[in-house]
Amino acid sequence: MTTGDAPRVVELGDAERTGAIALWEACGLTRPWNPPDTDFDRAVGGPTSAVLGVVEPDGTVVATAMVGHDGHRGWVYYLAVAPARRRSGLGRVLMTAAEQWLGDAGVPKVQLMVRTGNEAVQAFYARLGYAEQDTVVLGRWLRDD
Ligand SMILES: CC(C)(COP(=O)(O)OP(=O)(O)OC[C@H]1O[C@@H](n2cnc3c(N)ncnc32)[C@H](O)[C@@H]1OP(=O)(O)O)[C@@H](O)C(=O)NCCC(=O)NCCS
């Protein structure tokens, strides 16, 4: 990508796996209980999910957004922009691409979860028209591993 060109968003595959995971780690998005390589493989290999990204000519992954849906609700995970590339519109480009991907799949709604402690990112989502939903997310592990 050269300055002035619109960033091209592509569906990532095995060739970008290491770079995407490095980006997620640099952005503080990984957690020990969610191995990022497994998350990446599931999303890339699944019929209703993908990992979108912007890749530099040298192969460096500078932005990602994981998308997936249940037919009604689309979800965005692992939205990440390389620290040195922030505040230049890449986050908005990835969210627009995620919405396009989900809209093309026929999904009427998109939502996402913001971890406790990452409330500062809500200002970014607010700029894009996202609003807090009147919902509490509950969860439970199905396996011990
Ligand atoms: C959140 C993140 C993806 C934003 O990426 P970005 O490329 O810097 O965002 P953009 O440049 O596209 O910003 C879009 C708009 O949001 C605003 N914005 C971006 N980050 C913001 C912040 N931290 N606080 C307030 N506004 C912010 C921009 O000023 C811009 O506003 P504009 O519409 O007036 O131009 C990036 O900061 C990031 O990777 N954070 C770490 C990972 C993370 O927390 N991901 C989300 C997990 S839920």
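Atoms within each ligand, like the ligands themselves, are counted from 1 in listed order.
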query: Got the closest protein heavy atom to atom 34 (O) of ligand 1, with its distance?
result: Arg127 NH2, 2.8 Å

message: Between ligand 1 and Asn118, is the shortest N or O to N or O distance under 3.5 Å?
response: yes

- prompt: Any side-chain heavy atom of Asp39 sitting closer than 4.5 Å to one from Tyr77?
  reply: no

query: What part of Tyr77, side chain from CB on, backbone N/CA/C/O, both or neither, has a heavy atom under 4.0 Å from ligand 1?
result: neither

field: Sub-4.5 Å side-chain heavy-atom contact between Leu112 and Met95
entry: yes

task: Tell me which protein heavy atom sits closest to atom 39 (O) of ligand 1, plus the residue, atom name and distance to 0.1 Å.
output: Val81 N, 2.9 Å

query: Taking the side chain as C-beta and beyond, is there a heavy-atom pair between His69 and Trp75 under 4.5 Å?
result: no

- prompt: Less than 3.5 Å between some nitrogen or oxygen of Val121 and one of ligand 1, yes or no?
  reply: no

task: Output the list of atoms in ligand 1 that are nearer than 4.0 Å to some heavy atom of Ala123, sorted by atom number.
output: 24 (N), 25 (C)

query: Does Tyr78 have a heavy atom less than 4.0 Å from any atom of ligand 1?
result: no

field: Protein residue, atom and distance nearest to atom 45 (N) of ligand 1, heavy-atom basis
entry: Leu79 O, 2.8 Å

Smallest separation among heavy atoms of Val51 and Ala43, with atom names: CG2-CB, 3.8 Å

Close N or O approach (Ala120, ligand 1; < 3.5 Å): no

query: Of all the atoms in ligand 1, which lie at a distance below 4.0 Å from a heavy atom belonging to Gly89?
result: 10 (P), 11 (O), 12 (O)

query: Does ligand 1 have a heavy atom under 4.0 Å from the side chain of Arg86, from its backbone, from both, or from neither?
result: both

query: How about Glu99 and Val76: do any of their side-chain heavy atoms sit closer than 4.5 Å?
result: no

statement: Among non-hydrogen protein atoms, atom 16 (O) of ligand 1 lies closest to Phe124 CD1, 3.5 Å

- request: Before signing off on this row, confirm whether Met113 and ligand 1 have an N or O atom pair separated by under 3.5 Å.
  value: no

field: atom 46 (C) of ligand 1: nearest protein contact (heavy atom, Å)
entry: Tyr125 OH, 3.5 Å

message: Does Asp58, at its CG atom, have more than 12 non-hydrogen atoms belonging to other residues, nucleotides or ligands within less than 6.0 Å?
response: yes

message: Pairs of nitrogen or oxygen atoms closer than 3.5 Å, one from Leu112 and one from ligand 1: do any exist?
response: no

- request: State whether any protein heavy atom lies less than 4.0 Å from atom 3 (C) of ligand 1.
  value: yes

- prompt: Heavy-atom distance to atom 7 (O) of ligand 1: which of Cys27, Gly28, Ala126, Gly91 wins?
  reply: Gly91

field: Pairwise distance CG(Leu29) to CG(Leu79) - rounded to 0.5 angstrom
entry: 8.0 Å

query: Hey, what's the ring geometry for Tyr78 with Trp24, parallel, tilted or perpendicular (30° and 60° as the breaks)?
result: parallel

task: Enumerate the atoms of ligand 1 whose separation from the nearest heavy atom of Arg92 is less than 4.0 angstrom.
output: 12 (O), 32 (P), 33 (O)

- prompt: Got a sec: does the CZ of Arg86 have more than 12 other heavy atoms crowding it under 6.0 Å?
  reply: yes

message: Any non-hydrogen side-chain atom of Asp37 less than 4.5 Å from a side-chain atom of Arg17?
response: yes

message: Within the 4.0 Å heavy-atom shell around Ser88, which atoms of ligand 1 are there?
response: 11 (O)

query: With a 4.5 Å heavy-atom cut-off, do Val107 and His72 have their side chains touching?
result: no

Student check: side-chain heavy atoms of Leu94 and Val81 closer than 4.5 Å: no

statement: So the atoms of ligand 1 within less than 4.0 Å of a heavy atom of Ala80 turn out to be 39 (O)

- request: Decide whether an N or O pair under 3.5 Å exists between Arg87 and ligand 1.
  value: yes

- prompt: Within a radius of less than 6.0 Å around CD of Glu132, do more than 12 heavy atoms belonging to other residues, nucleotides or ligands occur?
  reply: no

